[in-house]
J.: 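Mind looking over this structure? Questions follow.
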Amino acid sequence: MRRADRNGAWPAWMREQAGRTADPALAGFYAAFNLTPSQAISDTPLVALDLETSGLDPRRNAILSIGILPFTLDRIRLADRRYWLLRPPAGFSGHSVAYHHITHAEIEQAPDFATVLPELLEALAGRLPVVHYHPIEREFLARAVRQRLGEDWRFPLIDTMVLESQQVRHGLKSRMRALLGRPPASIRLADSRARYGLPAYEGHQAVLDALATAELLQAQIQHHHSRSSGIGELWL
Amino acid sequence: MNMDPELLEIRRHLSQYPPFDALSDAHLDAIVEQLEVAYHRAGSQILAAGSPITALHYIRSGAVEIYRRSGDLYDRLGEGGTFGHYGLLRGRRIHYPAVALEDTLLYLIPAELFDQLCEEDNDFADFMELGRSRPENVTAAGERSGHLMTTRVRRLVTRPPLIAEAPETARSVAARLADEPLAAVLVVEAQGDDPRYTYADSSGALWQVRGILTDADFRHRIVAQGRSVDTPVGDIVSDPLIAVQSDETVQEALLAMLRHNVHHLAIVHRRRPMGLIRMEDVVRFETQSSLYLIDSIFSQDTVAGLASLLPEIRASAVRMIRNGADSRTIGTALSAIGRSVARRLLEIAETELGPPPVPYAFMAMGSMARDEQTLVTDQDNALVLDNAFDPVRHDAYFLALAERVSDGLDTCGYAHCKGGIMATNAQWRQPLAVWERYFRSWIEAPTPERLLHSNIFFDLDNVHGEERLVETLQDLVATEAGRSKAFLAAMARNALNRTPPIGFFRDFVMEKDGRHNNSINVKRRGTAPLTDLIRIHALACGSRAQNSFERLNDIAETQLLGPGVPEKLRFALETLSLTRLEHQALDIEQERAPDNNIEPENVPDKERTELKEAFRALSHAQKFLRFRYPMPTVRGTRSGRE
């Protein structure tokens, strides 16, 4: 299946899942999905999503916190932000990881992922998630759901890192850089933001990173796409 | 509720910029909670005229240009700037369209919250109403009003300077200059003996900067003088180098150009040259056309030509006042213009009378020397002549020179001095040695008449001619006036003769001279006694500054006044000066002759309150002056040295 076909197939796949899942919260999430590939990005409710994890391997590391920030191409409302601190399951590394803003006591008192999942699903419902570097969010969330509900959880999303790589890694300029033996331009969140004149935010708290990602998407669409770009061209 | 850590970043940014820097924590938290964020690519329209406006716009990063409806640029804002308040306050429609000059990230404060803030915080409301903070916060006001005053001059430097070594020929340098947009080159030499101009280049070699050579120099010093194109540039460059530090403000750079009457300036970091800037660069940077006036002044060849610039001078001053410039910017600009007019008149007179028989300095006193001129000003000037001056042989020349300049100034709107403080008066047209004697006698034996002279002559600055003559007198004042307690006490008593118009119930007391019923002379009752008072404290602490704000800076570095007092006086001076200027602007706009009188009932309530506060601050400061320099007792025992 070519990428365009697969991406075009997301609505049908989501509908199918709505009928298949045994979990009412997941069913509600799938059923609320009403986005079509041809609809303009400017008309689409978006939600920036960022996970903090104890490492990069979903089999051994756990989700420490989740930050989300609903937004549109025109506005990001800070008041709509949500944040959950999670207690990693026993046996997962995470306790050893020092995050400067999270204390051990806070983690001990935090709920398990299963407890916050219904709220998370409700906050994401009907919106198109936007992340920077999607393998983290997609794989950690899929694994966390499989462990608790025994089901898969997948959904279409926009990855600002993929959009950025299309700009800086596939153009003539990047081929010139490669020819000259220079390292490719960095597409990390902070470096990508700097290319659009976005300020450097200090700290890596999940909501702040979600805000940083939302701002980056607004900038990327204005610079390289258009308000009327169909979301089917952008989602993965 | 504790602020979430993720939002502290945003809160910290807001809290650095006025008016948010003065908000309560609770209000700041409320803003951050309700903030919306939006990105605008460079060149995109942010606000379109006539559309509804729903939020106050705050620039988190980037730059925005605000336009008038006519399409003229109104303002250019950078990080921390706010816009949209005008429309929020007036009908919720956009009055001034806004366009992103750079890629810009905006924080939007919803209209309902904006209303609440205006309701609950007077300073915030003032800032939004006036487009500036209360004058008490002079630095913050300055930051918003003129970027000339806050932008560092290095921003105007676009490229490293073209450098030529002194032995290089004019022909070779001219060829290199052909492709140089700045049309100027910095001339250096390998061995020099002046450490002030010596720097090490990137390879560690030592160079001494000689000066700047412009394409005009090639015309004037090679072509016009018929010299060989093989002349080394070291022979034609003019010393000394005029330079400013890269972290000085654009305004300082402009003042340096005006003061030395040059069009090019070297920008140095410590002593290493970073680049050259031209007058044009500054003028282009600051859209105020008042700066073009300086150029038109120097291109006039007749008194009538100079006088024809008067309406333009006034119009540009009114524009600055209306655009919210602070009093120091306006005072400096008007003084620079006045100085240029006087200098041009002297040049014209010298052309007609021939070169002066002995060196001289034409000095200005009073507001021009202090860089505090307003739109109502008369001339106070004098001639300091070289000690080689012989009245019999030379005075006819200098009398003719003085008359031409003094009458010329009168024609150009700087009225003859009623007190006769002009170089046309033989008493004020004397060699340096006589001036030194004058100054010493005024300090040593202050009589009422001499005190009046001290008040006028101790604000002095060179306008044209030999700077050293005036500097000698400035040094004398700075070193000797402050040492004499009796002199300072006499000056203090004199300064207390004029009191602010604050009545028993803290209401205004009007002038009772019959002509100006219900009015207050802001100069006589406000700025003049205040500058007198500041002068005394400045003399007491040995300050060499002439400008009252600079004097206050010097005073603040000592413990002479209590903590916070210099700031209060700064606020009072700014308020009184701006009120005076704004009323003069109003007079001109309504085609009346500008004067120093204001009618309190024509002053909006908010400004009335500030004006009263300013007069009150002056009144307190006078009380302190009376306490510090007590009146001598009848027996005179307490008037001696301490």
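To find a chain, count down the sequence lines: A is the first, B the second, and so on, and within it residues start at 1.
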J.: Do B/Arg90 and B/Tyr86 form a cation-pi contact, if we require the NZ or CZ to be under 6.0 Å from the six-membered ring centre and within 45 degrees of the ring's axis?
T.: yes
J.: At a 4.5 Å cut-off on heavy atoms, which part of A/Ala200 comes close to chain B: side chain, backbone, both, or neither?
T.: backbone
J.: Give the member of B/Gln34, B/His13, B/Arg12, B/Arg60 that has the highest number of heavy-atom pairs under 4.5 Å with chain A.
T.: B/Arg60
J.: For residues B/Leu276 and B/Pro161, report the shortest heavy-atom separation together with the two atoms involved.
T.: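 That would be CG-CB, 4.1 Å.
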J.: Could you check which of A/Gly67, A/Gly197, A/Ala219, A/Ala214 has the highest count of heavy-atom pairs closer than 4.5 Å to chain B?
T.: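 It is A/Ala219.
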J.: Considering only heavy atoms, which portion of B/Leu105 lies under 4.5 Å from any heavy atom of chain A: side chain, backbone, both, or neither?
T.: side chain
J.: Can you name the residues of residues 40-51 of chain B that have some heavy atom under 4.5 Å away from a heavy atom in chain A?
T.: B/His40, B/Arg41, B/Ser44
J.: Classify the angle between the aromatic ring planes of B/Phe114 and B/Phe124 as parallel (below 30°), tilted (30 to 60°) or perpendicular (above 60°).
T.: perpendicular
J.: Could you check whether atom CD of A/Glu122 has more than 12 heavy atoms from other residues, nucleotides or ligands sitting under 6.0 Å from it?
T.: no
J.: Angle class for the A/His223/B/Tyr39 ring planes (parallel below 30°, perpendicular above 60°, tilted otherwise)?
T.: tilted
J.: What residue among A/Val131, A/Val47, A/Leu46 forms side chain to side chain contact (heavy atoms under 4.5 Å, CB included) with A/Leu157?
T.: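 Answer after filtering A/Val131, A/Val47, A/Leu46: A/Val131.
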J.: Tell me, side chain or backbone of B/Leu108 under 4.5 Å from chain A's heavy atoms, or both, or neither?
T.: side chain
J.: Within the side chain of A/Arg82, is there an N or O that forms a donor-acceptor pair under 3.5 Å with the backbone of A/Ala123?
T.: no
J.: Assess whether atom CZ of A/Arg188 is packed by more than 12 heavy atoms of other residues, nucleotides or ligands within 6.0 Å.
T.: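 Atom CZ in A/Arg188 is not crowded, with 12 or fewer foreign heavy atoms closer than 6.0 Å.
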